Amino acid sequence: MKYSIVSKNSYFACKFFLFCAASNIIYGAKEDEDWTDPKVWKKANPSLDITVGIDKVKAACESAKQNPAEENSFRQLRLNQWVKQAVRWMPMAKWDACDFQVDHDSLVGRECYGGLDLSSTTDITAFVLVFPPIDEDDKYYILPYFWIPEENIDLRVRRDHVNYDLWEKQGYIKTTEGNVVHYGFIESFIEELNEKYNIREIAFDRWGAVQMSQNLEGAGFTVVPFGQGYKDMSPPTKELIKLTLEQKIAHGGHPVLRWMMDNIFIRTDPAGNIKPDKEKSTEKIDGAVATIMALDRAIRNEGNSGSVYDERGLFII
């Protein structure tokens with residue numbers, strides 16, 4: 001009886017896996033081995049190019065070189081290699097390449113979506129607007145806003161060694177009077193923004209934002225509670241990195257948002273889902289989280305025809 005090449009490959013693959021199962025053999029790369037080396041791929045996958053095409057693995061490796069989050073998944077899922085669950089997320093050279101000018105006047109009246117990440121009253125609060133593209137050549141424009149208490153700004157500069165005072169003078173951070181952030185001031189500011197831009201929805205972290213969300217809803221806004229687990233955070237987090245790599249994001253080089261993007265560590269679950277890891281991200285990431293939430297709402301409502309995730313599926317890393 002003659003077998004085709006495909007049939008032979010399938011036959012030997014089945015025999016190989018039955019042998020491994022019977023022998024309790026687990027193949028994988030050592031922690032310190034070079035995950036970009038095809039010899040290591042073969043060591044961890046003896047049936048490489050039989051059950052899984054080497055071109056597919058090579059393409060995944062090239063993509064992972066561009067993206068720390070993909071690197072983690074590649075090493076874990078392709079090489080059975082032990083990796084840290086939390087890794088630094090944003091490739092900052094790619095983020096900096098999206099330093100396209102954001103013309104505030106051209107955005108007047110444009111539809112946009114907000115993400116609100118409330119701090120404790122003594123810390124940074126972030127509100128970010130994301131404007132979806134109006135055509136194929138347009139970008140997602142990002143307008144971030146930040147608040148800290150006025151009285152503790154000097155203390156924070158000395159303690160955290162972060163240029164809050166300079167950013168405040170440059171207009172990148174706003175302060176509220178006293179030693180706590182006054183949420184009422186932020187609510188009024190958001191209402192003023194809505195007179196300029198068309199804020200369709202505001203996503204907020206359920207934790208600690210109940211009263212403000214009720215106040216904003218009372219002011220006529222559509223507010224959407226947003227979970228901080230893998231289910232809600234993974235799709236827009238992956239989408240943000242994808243849009244950044246494609247230079248479909250325009251953030252104007254906002255230094256506070258850049259600092260927060262550089263601070264993010266992400267956590268990966270066994271299925272390859274990701275989310276910002278606030279425990280590992282010891283520096284502030286509020287603006288990055290608010291951006292992710294706002295981007296999710298912008299994508300899900302794009303064209304008012306349902307979610308782009310429904311049309312083309314999730315961006316899988």
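All of these numbers come straight from a predicted model, not from anything done at the bench. Values reported hereafter were calculated over all heavy atoms of this structure, with side chains retained and with hydrogens, waters and symmetry mates removed.
With rounding to the nearest 0.5 angstrom, the CG atom of Asp117 is 10.5 Å from the CD1 atom of Ile124. From Asn198, atom CG reaches atom CZ of Phe131 across 9.0 Å, with rounding to the nearest 0.5 Å. One finds the CH2 atom of Trp167 at 9.5 Å from the CD1 atom of Ile148 (value rounded to the nearest 0.5 Å). Here the CG-SG distance, from Leu129 to Cys112, works out to 4.5 Å after rounding to the nearest 0.5 Å. Rounding to the nearest 0.5 Å gives a distance of 15.0 Å between NZ of Lys248 and CG of Leu240.
Between Ile264 and Ala288 the shortest heavy-atom distance is CD1-CB, 3.1 Å. Here the shortest heavy-atom pairing between Pro132 and Val130 reads CD-O, 3.6 Å. Here the shortest heavy-atom pairing between Pro149 and Asn179 reads CB-C, 3.4 Å. When all heavy atoms are compared, the tightest approach of Pro133 to Glu302 is CG-OE2, 4.0 Å.
Between the side chains of Tyr140 and Glu239, no donor-acceptor pair of N or O atoms lies under 3.5 Å.
Remark: Glu187 engages Asn215 in a side-chain hydrogen bond (donor to acceptor under 3.5 Å, both in side chains) (not counting sequence neighbours). Partners of Asn194 by side-chain hydrogen bond (donor to acceptor under 3.5 Å, both in side chains), not counting sequence neighbours: none found. Scanning for side-chain hydrogen bond (donor to acceptor under 3.5 Å, both in side chains) contacts around Asp165 gives an empty result, with sequence neighbours left out. For the side-chain hydrogen bond (donor to acceptor under 3.5 Å, both in side chains) test, residues two or more places apart in sequence or in another chain that qualify with Glu246 are Lys242. In this structure, Glu168 has no salt bridge (Lys or Arg N to Asp or Glu O under 4.0 Å) partners at least two apart in sequence or on a different chain. Under the rule for a salt bridge (Lys or Arg N to Asp or Glu O under 4.0 Å), the partners of Asp138 that lie at least two apart in sequence or sit in another chain are Arg110.
Side-chain contact between Leu143 and Tyr197 is present, with at least one heavy-atom pair separated by less than 4.5 Å. Side chains of Ile266 and Thr268 form a contact here, defined as non-hydrogen atoms less than 4.5 Å apart. At least one side-chain heavy atom of Leu116 sits less than 4.5 Å from a side-chain heavy atom of Met212.
Checked against a 6.0 Å centroid threshold, the rings of Tyr145 and Phe189 count as neighbours. Here Trp147 and Phe127 keep their ring centres 6.0 angstrom or further from each other.
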- For side chain to side chain contact (heavy atoms under 4.5 Å, CB included), just list the numbers for Asn301 and Arg200, CA-CA rounded to whole Å, side-chain angles, deciding distance to a tenth of an Å, and then say yes or no. CA-CA 9 Å; Asn301 289 283; Arg200 300 296 301 275; over 6 Å; no
### Task
Determine, stepwise, if the pair Asp296 / Ile299 fulfils side chain to side chain contact (heavy atoms under 4.5 Å, CB included).
CA-CA 5 Å; Asp296 179 87; Ile299 290 174; over 6 Å; no
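Checked for salt-bridge contact, Arg156 and Asp123 meet the test: a charged N lies under 4.0 Å from a carboxylate O.
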